[in-house]
Novice: 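Mind looking over this structure? Questions follow.
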Amino acid sequence: MKTERPTRVILDTDPGVDDALALLLALYSPELEVVGVTTVCGNVPVEQATRNLFRVLKLAGTPQNLLIGQGASRPLSEPLQTATHVHGADGLGELDRLRNEDGSLSYPNVEVPAELPPAQEVWAQCHQRYPEDLTLITLGPLTNLARALDSNPDIIRKFRNVISMGGAVAVPGNVTAAAEFNIFVDPHAAQQVFASGLPMTLVPLDVTTQVVLNRERILALAAQHANPAIQFLRDATGHALNFSEKVEGQAILPLHDPLAVGVAIDPTLVDLTPLHVQVETEGRLTKGMTLADRRTIRESLKPSSNLKAALSVDAPRFLTLFQDRLCRK
Ligand code: BDR
Ligand code: CA
């Protein structure tokens, strides 16, 4: 019987509660080999994103030979807008404040190296180790990728596939009526990446809002499983659930970033539609909007597609995969 080699992936991330869950899913999935992780500013400033990455690695165990880098501290041409109102002041649901019964910290501080290489350097090293065999999964704003297109285009062109959580094709945004967070934070970077000709798979809100856990489900899982990953799921998500209850009227957690990892694990979880998508970088009301050409005109009259977007998902199958992987650890 032929055994398939795991897909080698680099994760570019701004942890963030759902980023942390996406990292756990990737690290716990035998279909993937995580060879590099880089951070970017987004949900939190990049230094905090890096601290959070090391917290997740401490919990999950760091794969041998993993290369780690720290990327952009600000978007290409916008001031950074974080999402700490959703993810908590530390980006991980204010885990750093949780205490055990004896008063000790439930999640003690983690050691972070004083210096880390820039994201582009880590990606170049990964390509040296594994030439022409890498998938990049982006879970935050596309700043690192846009910068690398300028500084290391040859390296970036070697990615076999780029899977990006971001955008909203036929649904409303989640930061504004028009824009999804990852694109909104750095619309110029996103437009540069979309126009670059890279082989892109977009995992937008259209599908990520279909894969949700509610508070009851998370508490039920935590009651059944005492393992660190599920306890982390409970501890890190309380802040985001309270936020969604206040704003949307229901305590739910969309698994945005985990679904992007899910697509790398099993591409059949989603249906992909080729589309021509551009990013609005200027609009007073629409900045960060992903504008897909969905007109029902002759194909020959349409601009050719620049990416494939996931527009439908087998949500029950993904949710089962996600919970199984976290529960087993
Ligand atoms: C995206 O925004 C961030 O807050 C999440 O981590 C996810 O990457 C969803 O819009
Ligand atoms: Ca993210």
Side-chain angles (χ1 to χ4, degrees), residues 9-26 37-46 48-53 55-56 71-72 75 78 80-93 119 136-145 162-187 189-190 193 201-213 233 236-237 239-244 247-248 252-264 279 287-290 309-310 313 322:
V9 297
I10 300 173
L11 299 172
D12 186 54
T13 176
D14 62 334
V17 175
D18 62 325
D19 298 76
L21 298 175
L23 281 159
L24 292 178
L25 177 62
V37 185
T38 50
T39 55
V40 65
C41 63
N43 287 321
V44 286
V46 72
Q48 183 65 35
T50 302
R51 265 195 293 283
N52 292 346
L53 166 62
R55 189 180 282 302
V56 175
E78 310 280 326
L80 174 63
Q81 299 210 28
T82 62
T84 50
H85 55 298
V86 182
H87 296 262
D90 67 345
L92 292 183
L136 176 69
I137 307 176
T138 71
L139 307 175
L142 289 162
T143 319
N144 288 343
L145 186 49
V162 178
I163 302 174
S164 290
M165 191 283 130
V169 172
V171 297
N174 61 356
V175 183
T176 68
E180 180 279 329
F181 179 79
N182 289 340
I183 308 295
F184 180 80
V185 169
D186 199 343
V193 169
T201 300
L202 195 67
V203 183
L205 293 181
D206 306 64
V207 280
T208 64
T209 53
Q210 307 293 312
V211 289
V212 297
L213 292 177
L233 172 71
T237 53
H239 190 284
L241 290 168
N242 290 343
F243 176 81
S244 88
V247 173
E248 296 169 39
I252 54 167
L253 180 82
L255 297 172
H256 301 293
D257 293 339
L259 183 60
V261 169
V263 171
V279 179
K287 195 171 72 166
M289 179 178 184
T290 42
V313 58
F322 176 80

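Any value given below was found using the heavy atoms of this structure, including those in side chains, with hydrogens, waters and symmetry copies removed. Just so you know, ligand 1 is whichever comes first in the structure, and atom 1 is the first atom listed for that ligand.
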Novice: Report the nearest protein non-hydrogen atom to atom 6 (O) of ligand 1: residue, atom name, distance rounded to 0.1 Å.
Specialist: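 Answer, as residue, atom name and distance: D18 OD1, 2.6 Å.
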Novice: How open is the angle at the Ca ion (ligand 2) from atom OD2 of D19 over to atom O of L139, rounded to 10 degrees?
Specialist: 80°
Novice: Considering just N/O/S atoms, say which atom of D257 is closest to the Ca ion (ligand 2).
Specialist: OD2
Novice: Less than 3.5 Å between some nitrogen or oxygen of N43 and one of ligand 1, yes or no?
Specialist: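 N43 vs ligand 1: N/O contact under 3.5 Å present.
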Novice: Taking 4.0 Å as the limit for heavy-atom contacts, which would you say applies to N174 with ligand 1: side chain only, backbone only, both, or neither?
Specialist: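 Looking at N174 and ligand 1, just side chain atoms fall under 4.0 Å.
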Novice: When you compare ligand 1 with L139, is there at least one nitrogen or oxygen pair between them that comes in under 3.5 angstrom?
Specialist: yes
Novice: For residues D19 and T13, is any side-chain donor paired with an opposing acceptor at under 3.5 Å?
Specialist: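 A pair is found: one side chain offers a donor N or O, the other an acceptor, under 3.5 Å apart.
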Novice: For ligand 1, which atoms have a heavy atom of F181 less than 4.0 angstrom away?
Specialist: 2 (O), 3 (C), 4 (O), 10 (O)
Novice: Is any side-chain heavy atom of D186 closer than 4.5 Å to a side-chain heavy atom of L142?
Specialist: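 The answer is no; the side chains never approach within 4.5 Å.
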Novice: Would you say D14 reaches the Ca ion (ligand 2) with an N/O/S atom under 3.0 Å?
Specialist: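 Checking D14: at least one N, O or S atom is under 3.0 Å.
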Novice: Do V175 and E180 have side chains that get closer than 4.5 Å, going by heavy atoms?
Specialist: no
Novice: Per the side chain to side chain contact (heavy atoms under 4.5 Å, CB included) rule, which among V279, T290, T176 passes with F184?
Specialist: T176
Novice: For H87 and N43, does a side-chain donor sit closer than 3.5 Å to a side-chain acceptor?
Specialist: yes
Novice: Tell me the protein heavy atom at minimum distance from atom 8 (O) of ligand 1, and give that distance in Å.
Specialist: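 Result: D257 OD1, 2.7 Å.
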Novice: Less than 4.5 Å apart, any side-chain heavy atom of L259 and any of V207?
Specialist: yes
Novice: CZ/F243 to CD/E248 distance, rounded to the nearest 0.5 angstrom?
Specialist: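 F243 CZ to E248 CD: 7.5 Å, rounded to 0.5 Å.
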Novice: Output the list of atoms in ligand 1 that are nearer than 4.0 Å to some heavy atom of D19, sorted by atom number.
Specialist: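 Matching atoms, with element in brackets: 6 (O).
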Novice: Geometry only, no angles: is D14 polar-contacting ligand 1 at N/O separations under 3.5 Å?
Specialist: no
Novice: Nearest to atom 9 (C) of ligand 1, what protein heavy atom do you find, and at what distance?
Specialist: E180 OE2, 3.2 Å
Novice: Are any non-hydrogen side-chain atoms of L21 and L253 less than 4.5 angstrom apart?
Specialist: yes
